[in-house]
A.B. asks: 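The structure is given below, and queries will be raised subsequently.
Atoms within a ligand are numbered from 1 in the order they appear, just like the ligands themselves. As a basis for the values below, the full set of heavy atoms in this structure was taken, side chains included, without hydrogen atoms, waters or symmetry mates.
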Amino acid sequence: MELIIVLILIISITLIFLVRWRYNYWKNLGVPYVAPTFPFGNIKGMGKEYSQFELLRAVYQNFKSNSSPIVGLYYYLSPVIIAKDMELVKNIFTRDADHFINRGAYYNEKDNPISAHIFNLDNPKWKTLRTKLTPTFTSGKIKMMFYTVYDVAERFVKKLRNEVEVAVDGEIEIKEFAGRFTTDVIGSVGFGLEINSLDNPTTEFRVHGINAFEKPNNSTLVNIFSVAFKDLARKLHVIQVRKDIEEFFQGIVHQTVKHREDNGISRNDFMQLMIQLKNHGKIDGESLSVGKLTMDEITAQCFIFFVAGYETSSTAMSYLLYEFAQNPQVQEKARKNVQQVLAKYNNELTYEGIKEMDYLLMCVNESLRKYPPVHTLLRYCNKDYKIEGTNCTVKKGQLVIIPAYAIQHDPDIYPNPEVYDPDRFLPEEVAKRPTCSFMPFGHGPRNCIGLR
Ligand code: HEM
């Protein structure tokens, strides 16, 4: 009995010592930090009482006047870095991107091939895949898909008119409606399918897509475990995407590819480009050979195009429309901008015309600044990196957080940040600000592939 008590005491003292040693990490390096508490570090209540971007905004503001380019936090027992200096942020994204090319996400190619998509993959697999997919996102290819999107947009406008007519007090839930629109767009350009969730919101495709977000396969604890101990989690067959969702997407991609190949059907969409990559390792008519894609790879990429594209785009659309409603004079100016460009193009909406709607773009950018759909960007250090002007070396395996929301609401960069003011995006205003002070699509080689 006494021996057990002694053992418990020794284990407890050792644990206390280890935790204190761990929580002295930033102090010992002389990096400013927020005092942690065991076991959550600095994230107690995150996700329930407050969101991550609120924590990061508070930390960013509190430490802004401190000359250190970084602030230290603890996520549970792990020391993580908040990059707050604009030069450092730029270097992490671009000049020194080879130290920070991964996001550190978990995927399991063997048991859950759909999770091995471009967003999750680490280098060098990521680089190989990005090289294969980049030619499918050139402006020429997007232009080719323009009328596929146009068709869905026409249905959207028609449907919107009907909904507004029958709505109580003229109010409709625009976020839900925009989500149905972006689902149909991505279903069409990504998978080559007529989803029509505008008319049928509970269509299987949309429900499975939403479930991929809202009904994760694992608890937060398992997710944290699988990110922290990736190899072990793979050995334990931990999967990220639910099997029913994986099977659903595998089924529709296989059917679509087979249908097109059996019937010699070709369409202006990503699916067609990916079929070309699958069969020839290059896009038809182009000389650059980038390597073949497998069926599993096609499925995983279609899946991530949907997951990464539909929610972000519908959030962006909703906030833009919200600000138009709040600021009728901005709305009017944007409308005039659209009408002028349309008049130049025979009153037809064209790809070239959209690119000339400069004021509209300023409005879009300002709502992406104020409400970035992705408020926090992550980079996982893959080789030690000495931060210039400090004694601190970011260690391999450490997480670096770029607080996009906080930077885009910094009153020193964007005075009166809560005010919606598209003129902030006049070219002469943009030129006054640091390069990476606007990052709704990230920056550098790992930025959003769907940016165009
Ligand atoms: C308004 C709409 C969108 C926003 C705000 C957005 C934002 C982002 C952001 C912030 C990232 C991370 C960038 C970084 O870490 O530097 C990202 C990555 C990504 N996005 Fe988007 N996105 C949008 C639309 C789309 C669409 C439509 C697609 C698909 C066609 C897409 C596909 C991807 C993919 C595949 C990645 C991962 C790229 C990689 O790791 O190589 N996104 N997006």
A.B. asks: Please determine whether a side-chain nitrogen of the Lys or Arg among E261 and K278 lies less than 4.0 Å from a carboxylate oxygen of the Asp or Glu.
C.D. replies: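 A salt bridge links E261 with K278.
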A.B. asks: Among the heavy atoms of R103, does any lie under 4.0 Å from an atom of ligand 1?
C.D. replies: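 Checking ligand 1 against R103, which is what was asked, there is a heavy-atom contact under 4.0 Å.
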A.B. asks: Applying salt bridge (Lys or Arg N to Asp or Glu O under 4.0 Å), run through K158 and D199 and close with a yes or a no.
C.D. replies: CA-CA 11 Å; K158 222 181 262 169; D199 287 322; over 6 Å; no
A.B. asks: Under 4.0 Å between a side-chain nitrogen and a carboxylate oxygen: does that hold for R95 and E388?
C.D. replies: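 Answer for the salt bridge query: yes.
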A.B. asks: Do ligand 1 and S313 have nitrogen or oxygen atoms that lie under 3.5 Å from each other?
C.D. replies: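 No, S313 has no N/O under 3.5 Å of an N/O on ligand 1.
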A.B. asks: Quick test of your reading of the structure: of H375, R130, R379, whose heavy atom lies closest to atom 16 (O) of ligand 1?
C.D. replies: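 Shortest heavy-atom distance from atom 16 (O) of ligand 1: R379.
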A.B. asks: Kindly indicate, with the supporting measurements, whether the criterion side chain to side chain contact (heavy atoms under 4.5 Å, CB included) is fulfilled by L320 and Y420.
C.D. replies: CA-CA 10 Å; L320 176 66; Y420 181 74; 3.6 Å; yes
A.B. asks: Judged by non-hydrogen atoms, does W126 sit under 4.0 Å from ligand 1?
C.D. replies: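 The answer is yes, since W126 has a heavy atom less than 4.0 Å from ligand 1.
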A.B. asks: Is a salt bridge present between R335 and E332, judged by a nitrogen-to-oxygen distance below 4.0 Å?
C.D. replies: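 Salt bridge present between R335 and E332.
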A.B. asks: Residue-level breakdown please: for F270 versus ligand 1, do any non-hydrogen atoms fall below 4.0 Å on the side chain, on the backbone, on both, or on neither?
C.D. replies: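 For F270, there is no contact with ligand 1 at all, from either part.
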A.B. asks: Just going by heavy-atom distances, which of P440, P373, A404, C448 is nearest to atom 10 (C) of ligand 1?
C.D. replies: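 Nearest heavy atom to atom 10 (C) of ligand 1 lies in P440.
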A.B. asks: Against heavy atoms of H443, which atoms of ligand 1 measure under 4.0 Å?
C.D. replies: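 Listed by number with element, the hits are 16 (O).
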A.B. asks: Below 4.0 Å from any atom of ligand 1, is there a heavy atom belonging to F137?
C.D. replies: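 The answer is yes, since F137 has a heavy atom less than 4.0 Å from ligand 1.
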A.B. asks: So, are E311 and R206 salt-bridged, with charged N and O less than 4.0 Å apart?
C.D. replies: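 So E311 does not pair with R206 through a salt bridge.
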